[in-house]
Amino acid sequence: MGLLKKKDKKKSAPPRFASGGGTGSEISSLRPTFVEKLPPCSGNCPSGNDIRGWLKVIAEREKTGTSLEDACDQAWRIEVETNPFPAVMGRVCPHPCEDHCNRKDKDEAVGINSVERFIGDWGLERNLALPTLDAGGPFSEKVAVVGAGPSGLSVAYQLARRGYGVTVFEAFPSAGGMLRYGIPIYRLPREVLDAEIQRILDLGVELKCGMTIGKDVTLDQLRSDYSAVYLAIGAHKGRKMGIPGEDGSSVYTGTEFLNKANSGGDLEVGGRVVVIGGGDTAVDAARVCKRLTVDSASVSKRMGADVTILYRRTRAEMPAIDMEIDEAEEEKINLDYLAAPIKILRNDGAVTGMLVQRMQLGEPDDSGRRRPEPIDGDTYELECDTIVMAVSQQPDWESLGSDLPGGSSWLTCDEWGRTEVDGIWSGGDVLGLGLATGSIGQGRKAAESIHAALSGGELPAEDLRPPVGPEQIKMEHYETAPRVERTVVSPEDRLAKPFDEVDLGVTAEQALEEVMRCFSCGLCFNCEKCWMYCQTNCFKKASEPIPGHYYDAHLATCDGCKKCWEECPCGFIVGQ
């Protein structure tokens with residue numbers, strides 16, 4: 001099985017036109033033009049994945065004479081061009097792509113994330129190796145990456161596949177960053193994460209764990225020894241709220257709590273836990289508490305605490321993944337909305353509860369969400385013995401010692417990851433809290449920038465494809481089809497086996513059904529309408545069809561009837 005070369009990356013080139021003879025008076029102003037458009041799924045994927053590409057190659061396998069195995073292999077290779085973690089992201093990505101899917105205007109969005117997981121698991125089962133790129137390497141320049149989270153590993157992958165020597169320095173004992181230390185095992189099995197990390201290391205990436213920059217090696221040393229440095233230390237330092245009583249035992253930050261839980265050490269909680277916050281960290285921490293051994297004077301040892309999530313807004317404003325919130329409620333986790341703690345109550349140092357302020361929603365703030373405002377005089381006491389403050393987090397600048405490049409707040413850089421310090425690029429949560437998929441995309445773009453800087457080449461050209469929205473889709477062409485839903489273990493079974501994977505994804509048969517629901521927005525999928533409706537035989541079937549290229553158009557015979565672009569269901573054919 002050969003490796004995918006750069007020149008083979010994009011095989012869906014638009015069909016060619018043959019203008020032929022004819023005079024100016026004979027050529028209609030209504031003749032068609034084939035214009036590949038940017039689908040909203042790819043346009044709203046922070047990783048920059050060619051989602052339409054890997055859906056189409058499977059959906060159209062029979063039209064191109066491709067076997068199922070070859071189609072799935074191709075889909076995996078298309079996916080890993082931009083994301084080396086398809087099996088991981090198929091489990092943890094909140095899939096903003098689906099929020100913009102044009103299919104939502106007909107029935108339900110395509111289950112992109114479900115198919116992504118299928119493709120990722122396919123690659124693991126077949127032990128597929130990550131593809132290299134023919135970028136002129138191998139190169140003598142070497143690159144240091146600080147941080148082995150999704151962003152650091154992404155930039156390492158993209159540089160290694162181009163022929164650079166890459167060394168990744170990681171302060172924690174193992175690679176993965178927040179994927180390992182911030183996401184519970186029941187959401188992301190470690191064997192899946194380890195397998196996808198190992199494929200990156202197999203490209204020759206050197207990983208040095210337990211190495212703290214500023215302590216074991218300085219940033220100045222890295223700048224001296226390497227041609228470029230990529231900073232991706234993440235945001236592993238949790239923040240507390242600055243309220244009375246928060247300092248002391250039994251009060252954790254969200255990142256601290258999840259790190260302890262995911263590091264495999266003993267972590268016991270009391271029988272009544274309150275988690276403060278509305279993001280994924282808060283929901284993860286709450287669900288972990290349901291799975292830990294309770295050790296409290298008030299109750300005998302047992303599995304699972306009584307857990308309450310305290311959130312100062314309503315469910316509609318919670319940034320956590322909806323499915324994760326639903327599953328938390330199924331596990332009997334209480335959600336107390338429009339409530340915020342104002343004081344931690346202690347007795348001889350032990351947490352006994354908290355004083356809670358009732359809130360109401362006012363005008364929108366900078367985030368666009370309505371601002372929570374206290375209701376005067378409306379407070380109550382909530383009993384608890386363990387508190388997790390999952391309200392925010394920030395980079396641990398102390399881990400860089402005195403080598404901090406640019407202050408003690410978030411780093412800043414341009415869209416290609418270039419910082420103000422010569423030779424240093426950056427990405428991931430060190431720039432501001434975001435999604436893992438965004439960190440992966442930032443790592444890829446930084447790698448492209450580093451490669452351009454070291455090789456004297458140019459940055460990739462801007463994607464100028466026009467977007468395609470639902471108004472350009474002929475919805476009536478597509479049959480209504482129910483969205484395939486993932487199998488999730490029942491609450492009783494998942495709490496009985498608390499650290500087994502909860503979301504089982506979709507079956508291969510379901511994934512093959514789901515890819516067929518893709519509209520192929522903005523790119524030919526061989527519906528044959530142009531070929532059937534053209535009365536002057538402008539459209540000729542391609543001799544070697546590939547996704548996106550099924551017809552060549554010969555405009556010399558076009559009489560401008562405009563039927564082809566009126567009938568094109570996916571918005572690929574437009575009139576001049």
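Counting from 1, the numbers follow the sequence of the chain as shown.
The two atoms that bring Cys538 and Thr557 nearest to each other are SG-OG1, 3.5 Å, heavy atoms only. Heavy-atom minimum distance, Ser439 versus Pro150: CB-CG, 4.2 Å. Minimum interatomic distance between Cys527 and Pro569 (heavy atoms only, all atoms of both residues): SG-CD, 3.6 Å. Closest approach of Glu170 and Gly149 over heavy atoms only: OE1-N, 4.3 Å. Minimum heavy-atom separation, Val468 to Asn102: O-ND2, 3.1 Å. Residues Leu231 and Val430 come closest through the heavy atom pair O-CG1, 3.9 Å.
Under the salt bridge (Lys or Arg N to Asp or Glu O under 4.0 Å) criterion, Asp107 pairs with Arg103, Arg517, sequence neighbours left out. Residues meeting the salt bridge (Lys or Arg N to Asp or Glu O under 4.0 Å) test with Glu485, sequence neighbours left out: Arg483. The side-chain hydrogen bond (donor to acceptor under 3.5 Å, both in side chains) check on Arg494 picks up Glu330, Glu331, with sequence neighbours excluded. Not counting sequence neighbours, Asp500 has no partner by the side-chain hydrogen bond (donor to acceptor under 3.5 Å, both in side chains) test. Scanning for side chain to side chain contact (heavy atoms under 4.5 Å, CB included) contacts around Pro189 gives Arg91, Glu191, Val192, Glu501, with sequence neighbours left out. Arg187 pairs by the salt bridge (Lys or Arg N to Asp or Glu O under 4.0 Å) definition with Asp284, Glu324, not counting sequence neighbours. Residues forming a side-chain hydrogen bond (donor to acceptor under 3.5 Å, both in side chains) with Thr281 (at least two apart in sequence, or on another chain): none. Applying the salt bridge (Lys or Arg N to Asp or Glu O under 4.0 Å) test to Asp414 and every residue at least two apart in sequence or in another chain returns Arg418. Remark: Asp105 pairs with no residue by the side-chain hydrogen bond (donor to acceptor under 3.5 Å, both in side chains) rule, at least two apart or across chains. The side chain to side chain contact (heavy atoms under 4.5 Å, CB included) search around Pro467 returns none, not counting sequence neighbours.
In this structure, the side chain of Arg126 does not engage the main chain of Leu124 through any donor-acceptor pair within 3.5 Å. A donor-acceptor pair under 3.5 Å links the side-chain atoms of Gln442 to the main chain of Gly428, judged by distance alone. For Glu514 (side chain) and Val110 (main-chain N/O), no donor-acceptor pair under 3.5 Å exists by modelled atom type. In terms of modelled atom types and a separation under 3.5 Å, the side chain of Tyr186 and the main chain of Arg291 share no donor-acceptor contact. Checked by atom type and distance alone, the side chain of Tyr157 pairs as donor or acceptor with a backbone atom of Val80 at under 3.5 Å. Looking at Gln510, its side chain does come within 3.5 Å of a backbone N or O of Thr507 through a donor-acceptor pair. The closest donor-acceptor contact from the side chain of Tyr230 to the backbone of Ala144 lies at 3.5 Å or more, if one exists at all. Put simply, the side chain of Ser227 never gets that close to the backbone of Val143: no donor and acceptor are under 3.5 Å apart. A donor-acceptor pair under 3.5 Å links the side-chain atoms of Lys106 to the main chain of Met475, judged by distance alone.
Remark: the Ser47 side chain and the Thr82 side chain contain no N/O donor-acceptor pair separated by less than 3.5 Å. Between the side chains of Gln74 and Asp70, no donor-acceptor pair is found at a separation under 3.5 Å. Side-chain atoms of Thr64 and Tyr550 include no donor-acceptor pair closer than 3.5 Å. The closest side-chain donor-acceptor pair between Arg444 and Asn83, if any, does not fall under 3.5 angstrom. Counting only N and O atoms by type, the side chains of Tyr551 and Asn526 include a donor and acceptor under 3.5 Å apart.
Atom CE of Met323 is surrounded by more than 12 heavy atoms from other residues, nucleotides or ligands within 6.0 Å. By the neighbour-count criterion of 12 heavy atoms within 6.0 Å, atom CD of Glu471 is densely surrounded, having more than that number from other residues, nucleotides or ligands. Within a 6.0 Å radius of CH2 in Trp531, other residues, nucleotides and ligands contribute 12 heavy atoms or fewer.
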Derivation and outcome, salt bridge (Lys or Arg N to Asp or Glu O under 4.0 Å), residues Asp50 and Lys56
CA-CA 10 Å; Asp50 181 12; Lys56 280 171 61 66; over 6 Å; no
Does the side-chain contact (heavy atoms from CB on, under 4.5 Å) test come out yes or no for Arg161 and Leu130, once each step is laid out?
CA-CA 8 Å; Arg161 70 194 297 241; Leu130 288 171; over 6 Å; no
Worked check of side-chain contact (heavy atoms from CB on, under 4.5 Å) between Leu193 and Arg180:
CA-CA 8 Å; Leu193 176 61; Arg180 181 179 303 277; 3.8 Å; yes
Test salt bridge (Lys or Arg N to Asp or Glu O under 4.0 Å) applied to Glu196 and Arg199, step by step
CA-CA 5 Å; Glu196 295 204 315; Arg199 283 195 305 220; 3.0 Å; yes
Quick one, Lys541 with Glu528, criterion salt bridge (Lys or Arg N to Asp or Glu O under 4.0 Å). Give me CA distance, side-chain angles, the key distance, then yes/no.
CA-CA 9 Å; Lys541 291 190 174 183; Glu528 298 188 335; 3.3 Å; yes
For salt bridge (Lys or Arg N to Asp or Glu O under 4.0 Å), just list the numbers for Asp493 and Lys497, CA-CA rounded to whole Å, side-chain angles, deciding distance to a tenth of an Å, and then say yes or no.
CA-CA 6 Å; Asp493 289 344; Lys497 297 180 179 179; over 6 Å; no
Stepwise, does the side-chain contact (heavy atoms from CB on, under 4.5 Å) test hold for Glu81 with Asn49?
CA-CA 8 Å; Glu81 279 294 314; Asn49 294 333; over 6 Å; no
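Applying the ring-ring contact (aromatic ring centres under 6.0 Å, His included) rule to pairs touching residues 56-80 yields nothing, sequence neighbours excluded. Residue pairs meeting the ring-ring contact (aromatic ring centres under 6.0 Å, His included) criterion with at least one partner in residues 111-150, sequence neighbours excluded, are Phe139-Tyr164, Phe139-His451.
Salt bridge annotation for Glu317-Arg369: absent, with no cationic side-chain nitrogen under 4.0 angstrom from a carboxylate oxygen. For the pair Asp134 and Arg162, the salt-bridge criterion is not met [side-chain N within less than 4.0 Å of a carboxylate O]. We find that Asp552 and Lys540 are not joined by a salt bridge, their nearest charged nitrogen and carboxylate oxygen being 4.0 Å or further apart.
Annotation: the span from Ile51 atom CD1 to Asn113 atom CG amounts to 9.5 Å, rounded to 0.5 Å.
Ring pair His477/Phe525 is perpendicular by interplanar angle, where above 60° counts as perpendicular and below 30° as parallel.
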